[in-house]
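Lettering of chains follows the sequences in order, A, B, ..., and the numbering in each one begins at 1.
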There are 2 protein chains.
Amino acid sequence: MNKRFSETLQIDLRSDLPIYLQLIEQIKRQIADGTLKPGDQLPTVRSLAEELRVNFNTVARSYRMLDEAGVISTQQGRGTYITEKPPPELSDRLRRESLMALASRYVREARRLGFSSDEIRQKLLDQLEVQTELNNEGE
Amino acid sequence: MNKRFSETLQIDLRSDLPIYLQLIEQIKRQIADGTLKPGDQLPTVRSLAEELRVNFNTVARSYRMLDEAGVISTQQGRGTYITEKPPPELSDRLRRESLMALASRYVREARRLGFSSDEIRQKLLDQLEVQTELNNEGE
DNA sequence: AGTACAATAATACAATGATACAATTATGAA
DNA sequence: TTCATAATTGTATCATTGTATTATTGTACT
């Protein structure tokens, strides 16, 4: 049951992180975890922008930077695609960058809600226990 | 017949109350009495400043403080809007639910990337240090 | 006067939006 | 087919909007 790609992206207009960086972060992560595969076509800058209710230049900026990073290939008049053969070490680097981005966002948003470092850390430990219990059975 | 927003604001340059505080007070009041509704867009800092004959930094200062108070949402390059759900003081219960959701999402996405509990926990601790240094948490 | 601080102003910058353009693809008539 | 034309796609440029940093102004206090 494949969601529309745009529905898998969560943009927070109130975040202190710019929209174009939020997009980059999440697309990178989907590539790293295999949700997006080499050769997959991404939505056009205009259609994705419309569904996310942002300006298409903002999407274009994200695509351009991802292109420069070598993870996607944007082609004028054709569209944008996940790079066919990512450099061998790119995938592992993407994984680590994605983890860093996730941790960074968690801390940033939690701090924005006014929580202390202790509370942020403790809640994570709680969640790690909860979700680990669930996963150990099924695996 | 709606007046221009700027015409509903009375700025007294001779008041002992600073301009930016006068603005904050009056905008807050208009939100409280329903004149300004959630989702409404406020004038740009420059246009409002021009009509009020004050410097746009002064308006920006008012907007920033209202943003920090959670009353409005300022978005660079887009504009400023009355916060959708303005809970005067976010209830403790809601805050904790939000933190839980953030932590849960972090763990879930990190696991999806294939990281272990140790790696997930360690990366968070790293980020806590990094972001705490910048923010000088003690105060 | 001199100092210290808050309020305001000036300037440069970053993120997003609007518009026009170029490259490619799709369509259809000859 | 082949060519012309329209539609679609990304690109380039500049305008608009809020942000950050610094300078200036004004006020209160010694």
Side-chain angles (χ1 to χ4, degrees), chain A residues 5-6 9-27 39-83 101 105 108 112, chain B residues 4-6 9-27 39-83 134-136:
Chain A
F5 175 64
S6 63
L9 300 176
Q10 296 187 345
I11 300 304
D12 180 5
L13 297 179
R14 301 181 54 191
S15 169
D16 48 354
L17 200 65
I19 297 172
Y20 76 96
L21 286 183
Q22 294 184 46
L23 279 176
I24 288 175
E25 211 179 77
Q26 297 185 47
I27 292 175
D40 282 356
Q41 180 170 16
L42 292 176
T44 68
V45 292
R46 285 175 178 80
S47 67
L48 181 54
E50 182 180 9
E51 291 171 8
L52 295 178
R53 313 251 181 122
V54 303
N55 189 276
F56 76 86
N57 290 287
T58 303
V59 176
R61 183 174 186 175
S62 301
Y63 281 8
R64 178 169 50 78
M65 295 186 72
L66 285 168
D67 182 289
E68 289 167 357
V71 296
I72 70 177
S73 165
T74 69
Q75 301 161 26
Q76 184 170 350
R78 291 183 41 79
T80 77
Y81 303 83
I82 308 294
T83 303
R105 181 168 65 159
R108 192 176 342 107
R112 204 159 70 85
Chain B
R4 297 179 66 81
F5 175 64
S6 62
L9 300 176
Q10 297 296 325
I11 299 304
D12 181 3
L13 296 178
R14 273 163 293 281
S15 167
D16 49 352
L17 201 63
I19 298 172
Y20 74 96
L21 286 182
Q22 294 183 44
L23 280 176
I24 288 176
E25 270 190 8
Q26 298 186 42
I27 292 176
D40 282 355
Q41 180 170 16
L42 293 176
T44 69
V45 292
R46 284 175 177 79
S47 67
L48 181 55
E50 181 181 8
E51 292 171 6
L52 295 178
R53 316 277 177 106
V54 302
N55 188 274
F56 75 88
N57 290 285
T58 303
V59 176
R61 183 172 187 174
S62 302
Y63 281 7
R64 178 169 50 79
M65 295 185 71
L66 285 168
D67 182 290
E68 289 168 356
V71 177
I72 68 178
S73 166
T74 67
Q75 300 163 24
Q76 183 169 352
R78 304 188 114 231
T80 78
Y81 303 83
I82 309 293
T83 302
L134 302 178
N135 286 359
N136 242 351

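For DNA chain D, none of the residues of residues 10-27 of chain B falls under the heavy-atom distance limit of 4.0 Å.
One finds the CD atom of Gln22(B) at 6.5 Å from the CD atom of Gln26(B) (value rounded to the nearest 0.5 Å).
Nearest heavy atoms, Ala60(B) versus Val45(B): CA-CG1, 3.8 Å. Scanning all heavy atoms of the two residues, the minimum distance from Gln41(A) to Arg78(A) falls at NE2-O, 3.8 Å. The shortest non-hydrogen separation linking Ser6(A) to Leu48(A) is CB-CD1, 3.8 Å.
Running 5' to 3' along DNA chain C, contacts with non-hydrogen atoms of chain A at under 4.0 Å begin and end at dA15(C) to dT25(C).
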Step by step, would you call Leu52(B) with Leu23(B) a side chain to side chain contact (heavy atoms under 4.5 Å, CB included)? CA-CA 10 Å; Leu52(B) 295 178; Leu23(B) 280 176; 3.7 Å; yes
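Considering only residues two or more places apart in sequence or on other chains, Ala49(B) meets the side chain to side chain contact (heavy atoms under 4.5 Å, CB included) condition with Val54(B), Phe56(B), Val59(B). The side-chain hydrogen bond (donor to acceptor under 3.5 Å, both in side chains) search around Asp40(B) returns none, not counting sequence neighbours. Under the rule for a salt bridge (Lys or Arg N to Asp or Glu O under 4.0 Å), the partners of Glu51(A) that lie at least two apart in sequence or sit in another chain are Arg4(A). Under the side chain to side chain contact (heavy atoms under 4.5 Å, CB included) criterion, Pro18(A) pairs with Tyr20(A), Leu21(A), not counting sequence neighbours.
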Could you give the side-chain donor-acceptor pairs of residues 9-16 of chain B under 3.5 Å, partners two or more places apart or in another chain?
from: Asp12(B); atom 1: OD1; to: Arg14(B); atom 2: N; distance (Å): 2.8
from: Asp12(B); atom 1: OD1; to: Ser15(B); atom 2: N; distance (Å): 3.4
from: Ser15(B); atom 1: OG; to: Leu17(B); atom 2: N; distance (Å): 2.8

Would you list the atom pairs, donor with acceptor, under 3.5 Å between side chains in residues 65-74 of chain B and any protein atom, with sequence neighbours excluded?
from: Asp67(B); atom 1: OD2; to: Thr74(B); atom 2: N; distance (Å): 2.8
from: Asp67(B); atom 1: OD2; to: Thr74(B); atom 2: OG1; distance (Å): 3.2
from: Ser73(B); atom 1: OG; to: Gln75(B); atom 2: NE2; distance (Å): 3.1

Do nucleotides 3-10 of chain D as a string where each nucleotide becomes B, S or -: B if the base has a protein heavy atom under 4.0 Å, S if just the sugar-phosphate does, - if no protein is that close. ------BB
Walk along nucleotides 21-26 of chain D from 5' to 3' and tag each nucleotide B, S or - by protein heavy-atom contact under 4.0 Å, base first, then sugar-phosphate. ------
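By the 4.5 Å heavy-atom criterion applied to side chains, Tyr63(A) and Thr44(A) are not counted as neighbours.
Taking atom CG on Asn55(A) and atom P on dT17(D), their separation rounds to 14 Å, with Å as the unit.
Between Arg61(A) and Val54(B), the residue anchored closer to the 5' end of DNA chain C is Val54(B), taking for each the nucleotide with the nearest heavy atom.
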